[in-house]
**Q** 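I have a structure here, written as C-alpha cells, and I will follow up with some questions on it.
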Amino acid sequence: MTEIDFIVIGSGVAGLRAAISLSRGGRVAVLTKDRLDESNTEYAQGGVAVALSDEDEIELHFEDTLTAGAGICDEKAVRVLVEEGPHYITELIEWGAQFDREDGELAFTREAAHSRRRILHARGDSTGSEIIRALLAHARRIPEITFLAHAATIDLLTEEGRCVGVRFIHPSENLRCEMRARAVVLATGGAGRIYSQTTNPEVATGDGIAMAYVAGAEVSDLEFFQFHPTALAAPGAPRFLISEALRGEGGILRNDTGEPFMSRYDQRAELAPRDIVSRSIKAEMERTGCQWVSLDMTHLDPDFLRRRFPKIHLTCLRFGIDITSSPIPVSPAAHYLMGGVRTDIFGRTSLPGLYAAGETACTGVHGANRLASNSLLEGLVFGARAGEAALEEAPPLRSVTTPAPIHLSPEDWIFDPLIRYQTQELMWRHVSLIRNHEGLSTAISRIDELIRLAPNSRTLNLLALARLITAAALWREESRGAHYRDDIPGRDDLHWRIHSVTAIPHGRAAAAAPPCIKGRVSVNL
Ligand code: FAD
Ligand code: SIN
C-alpha cells in the first residue's frame with residue numbers, strides 16, 4: 001500500500017480516536033511501531049477526569065486545570081477539553097467502555113489537585129487498557145481502517161511546505177517504505193524513555209516530536225516534563241507506576257523512619273500537586289540518605305485494596321510486596337511531557353497537512369503542569385477534533401510514483417544502544433526534577449558531542465529531542481509548574497508568562513544542526 005486518504009501514526013487513545021473520525025471520509029491507515037495495544041494509554045491506571053458526577057461542575061474542572069497549569073494554559077483549549085469531555089466519554093461508554101460503577105452509577109475517585117471526585121476508572125486500576133480495548137473493538141468494525149503494527153515511522157515526507165506522507169520501516173522485512181496521503185495525524189505519544197527513570201513503556205521515545213520538528217513544524221513548551229512522585233523502587237523491579245489514586249484513597253508517604261513527612265513540605269500533604277510531591281520526596285530522600293520513601297496503604301481495608309487496585313496489588317506481589325500489609329518503596333520517575341508539537345484547538349500544526357493529538361501534541365491544555373488524569377481525556381477530545389479537521393480540509397491525493405522500498409540493515413534504523421543509554425542517564429542527571437544553568441549547559445555540550453556520533457536518523461531524532469528539551473529548560477529562567485530551577489527558584493509572571501516555541505523552517509537539511517529556541521509567543525489570555 002503506497003497511497004491512502006489518511007495516515008494516523010500511533011494506536012493509543014489519540015490515534016485510535018482520530019482514525020475513527022477520519023474513517024467517515026476515506027480510507028485510513030494506522031501505523032504503529034509495536035503491537036496495536038502497546039502504548040502509554042495501555043498502562044494508564046488512575047483514570048480519566050471528566051465533570052460528569054452530580055457533585056461536579058465543568059467550571060470547577062476548568063479552574064482546577066488552569067491552577068495546575070501554573071499560569072500558562074491556553075484557556076480556549078482548556079474550555080474545549082472540559083466542555084467536550086463529557087460528550088466523548090459518553091460516546092465511549094456507548095461504544096462499550098466499561099467504567100467501574102457503584103450501585104449501577106459511575107464511580108468517581110479523587111486525585112491530587114482536583115477539587116471534586118471526578119476520575120472515572122475501569123477494572124480498578126486498568127483504565128487505559130479498557131479504553132484501548134473499547135476503541136480497538138470499535139475501530140476494527142470499521143472497514144475503512146487498516147492497521148499496520150510493528151511499523152516504525154522514521155520520517156515525515158514533505159513537498160512544497162506540506163506534509164504528504166511518511167517513511168516507515170515495514171514490519172516483516174526491514175524494508176524502508178513510503179506511503180503518501182491527503183493528511184497525516186501524528187499521535188505518537190510521549191517521551192518518557194528519553195530518561196533512564198520513567199513510568200513509560202519502551203515505545204515512548206518522542207519520535208513524533210522529533211520527526212515533526214525535523215520536517216519543519218513548530219514545537220512548544222518542551223521544558224515542561226512531569227515527574228510522577230510514586231514509581232515502584234523495589235530492587236530488580238521495573239519503574240512500574242504506583243497510581244496517585246492510592247494517595248487519593250488515603251495512602252500516606254513515610255520516610256525511612258516511618259514518619260509521614262509530606263505536611264512538612266506542603267499543607268495539602270499527599271494531595272499537593274504532583275511536582276510539589278515529587279520534589280518533596282526527592283528532598284526527603286536526600287535528607288535521609290535513602291533511595292526511596294514508602295507509600296503506606298496498610299491502614300486501609302485489605303479487601304478494598306485488592307478490589308480497587310488489582311493490577312498494582314498483583315504486580316507488587318510479584319516483587320515480594322503485599323500492599324495490604326507492607327509499605328511500597330517508591331521514588332519519582334519521568335512520566336508525562338506537557339510540551340510537544342504545537343497545535344491549535346483543531347490539532348493543526350504549523351506544517352500544512354500535518355495534524356497532531358494526544359501526548360505528542362502541545363494544545364496548551366496542560367500549561368506548565370498537567371492535572372492528573374486529564375491526558376486520556378485530551379487524547380479522546382483532541383484526537384477526534386484533529387480527525388474532523390483533517391477530514392474537512394485535506395486536498396485530494398496527488399498521485400506520484402513512490403520509490404521502491406529499500407532494504408535496510410537494523411543498524412541503519414534502530415537506536416544506537418550506547419548513545420541511547422548515555423542520553424537517558426544525562427537527561428536524568430541534569431534535566432529532571434531539579435535543574436540549573438550549570439547542569440543544563442553540561443547536558444547540552446554532551447548531547448552535541450553525541451549528535452556528531454549518531455549513526456542513523458532514529459538515534460539523531462532522540463538526541464534532537466533531548467537537545468530541544470534541554471535548550472528550552474535553559475532558556476526558561478524561572479521556575480514554573482514542573483520546570484524547577486534551583487538557581488532561579490521563583491516564578492516570574494512579569495517576564496515568563498510565555499511559551500517556548502522552536503522551529504527549523506528549512507526542515508530536514510538542518511536536522512543535525514543544534515536546535516535553538518527561536519521565538520516566544522505570548523500566552524493568549
Ligand atoms: P500513546 O498512548 O503513548 O500512543 C502512542 C502510540 O504511538 C503507540 O501506539 C506507539 O507505539 C506509537 N508510536 C510511537 N512512535 C512511533 C513511531 N515512530 N512510529 C509508529 N508508531 C509510533 N493519563 C491519564 O489521563 N490518566 C491516567 O490514569 C494515566 N496513567 C498513566 C500511567 C502510566 C504508567 C503512564 C505511562 C501514563 C499515564 N497517563 C495517564 C498518561 C496517558 O496514558 C498518556 O498521556 C496518554 O495515554 C497518551 O495517549 P496518546 O494516544 O497520545 O499516546
Ligand atoms: C496515576 O494513576 O497516578 C497516573 C495518572 C496520570 O498520570 O494522569
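Bear in mind the structure is a predicted one, so any value in this text is a computation, not a measurement.
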**Q** Going by the rule side chain to side chain donor-acceptor pair (under 3.5 Å), which residues pair with Tyr265 if we only count those two or more places apart in sequence or in a different chain?
**A**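 Testing Tyr265 for side chain to side chain donor-acceptor pair (under 3.5 Å), a comparison that skips the adjacent residues, returns Glu284.
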**Q** Please tell me if the side chains of Ile488 and Arg485 come closer than 4.5 Å, counting only heavy atoms from C-beta onward.
**A**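 A side-chain contact under 4.5 Å exists here.
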**Q** Tell me whether the guanidinium CZ or amine NZ of Arg458 lies under 6.0 angstrom from the six-membered ring centre of Phe415 and within 45° of its axis.
**A** yes
**Q** Is it the case that the side chains of His499 and Asp221 hold a donor-acceptor pair, with the cut-off being a distance below 3.5 Å and no angle test?
**A** yes
**Q** How would you list, by chain and number, every residue that makes a side chain to side chain contact (heavy atoms under 4.5 Å, CB included) with Glu249, sequence neighbours excluded?
**A** Thr109, Arg117, Phe304, Arg308, Phe309
**Q** Which residues pass the side chain to side chain donor-acceptor pair (under 3.5 Å) test with Ser373, sequence neighbours left out?
**A** Glu111
**Q** I need the full list of salt bridge (Lys or Arg N to Asp or Glu O under 4.0 Å) pairs touching residues 9-18, with sequence neighbours left out, sorted by first then second residue.
**A**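 Matches after skipping sequence neighbours: Arg17-Glu91.
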**Q** Ignoring hydrogens and geometry beyond distance, is a side-chain donor-acceptor pair present between Asn374 and His61 at under 3.5 Å?
**A** yes
**Q** Run the numbers on Asp256 and Trp292 for side chain to side chain donor-acceptor pair (under 3.5 Å), then give the verdict.
**A** CA-CA 8 Å; Asp256 64 339; Trp292 40 264; over 6 Å; no
**Q** Atom CD of residue position Glu425 - does it have more than 12 heavy atoms of other residues, nucleotides or ligands inside 6.0 Å?
**A**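 Yes, because the 6.0 Å sphere around CD of Glu425 holds more than 12 heavy atoms from other groups.
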**Q** Side chains of Lys33 and Thr205: is there a donor and an acceptor less than 3.5 Å apart?
**A** yes
**Q** Do Thr127 and His121 have side-chain atoms, one donor and one acceptor, less than 3.5 Å apart?
**A** no
**Q** Using the test side chain to side chain donor-acceptor pair (under 3.5 Å), find all partners of Asp486 that sit at least two apart in sequence or belong to another chain.
**A**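 Asp486 satisfies side chain to side chain donor-acceptor pair (under 3.5 Å) with Asn436 only.
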**Q** Go through the side-chain N and O atoms of Asn456 and Thr459 and say whether any donor and acceptor fall under 3.5 Å apart.
**A**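 Yes, because at least one side-chain N or O of Asn456 sits under 3.5 Å from a partner of the opposite role on Thr459.
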**Q** Looking at residues at least two apart in the chain, or sitting in another chain, which of them share a ring pair (Phe, Tyr, Trp, His ring centres under 6.0 Å) with His138?
**A**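 His138 satisfies ring pair (Phe, Tyr, Trp, His ring centres under 6.0 Å) with Trp95 once adjacent residues are dropped.
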**Q** Under 6.0 Å between the ring centres of Tyr43 and Phe240?
**A**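 Tyr43 vs Phe240: aromatic centres not under 6.0 Å.
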**Q** Indicate every side-chain donor-acceptor pair of residues 358-369 with a distance under 3.5 Å to a residue at least two apart or in another chain.
**A**
unit_1, atom_1, unit_2, atom_2, d
Glu359, OE1, Asn40, ND2, 3.2
Glu359, OE2, Leu337, N, 3.1
Thr360, OG1, Thr188, OG1, 3.1
Thr360, OG1, Gly189, O, 3.4
Thr363, OG1, Val365, N, 3.2
Thr363, OG1, Glu378, OE2, 2.9
His366, NE2, Tyr336, OH, 2.9
His366, NE2, Glu378, OE1, 2.8
Asn369, OD1, Gln226, NE2, 2.9
Asn369, ND2, Asp275, OD1, 2.7

**Q** Does any pair with a residue in residues 224-246 pass salt bridge (Lys or Arg N to Asp or Glu O under 4.0 Å), and if so which ones, sequence neighbours excluded?
**A** Glu244-Arg247, Glu244-Arg274
**Q** Would you mind listing every salt bridge (Lys or Arg N to Asp or Glu O under 4.0 Å) that reaches into residues 38-48, with sequence neighbours excluded?
**A** Arg35-Glu38
**Q** In sequence, state the C-alpha distance, the side-chain angles, and the governing distance for Asp296 and Arg254, and then conclude on salt bridge (Lys or Arg N to Asp or Glu O under 4.0 Å).
**A** CA-CA 7 Å; Asp296 187 3; Arg254 299 183 187 277; 2.8 Å; yes
**Q** Could you tell me which residues satisfy side chain to side chain donor-acceptor pair (under 3.5 Å) with Ser409, sequence neighbours excluded, listed by chain and number?
**A** Glu411, Asp412
**Q** Give a yes-or-no answer on whether the side chains of Asn255 and Thr257 include a donor-acceptor pair shorter than 3.5 Å.
**A** yes
**Q** Return the set of residues passing ring pair (Phe, Tyr, Trp, His ring centres under 6.0 Å) with Phe168 (not counting sequence neighbours), or none when no residue passes.
**A** none
**Q** Output all residues satisfying side chain to side chain contact (heavy atoms under 4.5 Å, CB included) with Glu105, sequence neighbours left out; order by chain, then residue number.
**A**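 Per chain and number, Glu105 pairs via side chain to side chain contact (heavy atoms under 4.5 Å, CB included) with no residue.
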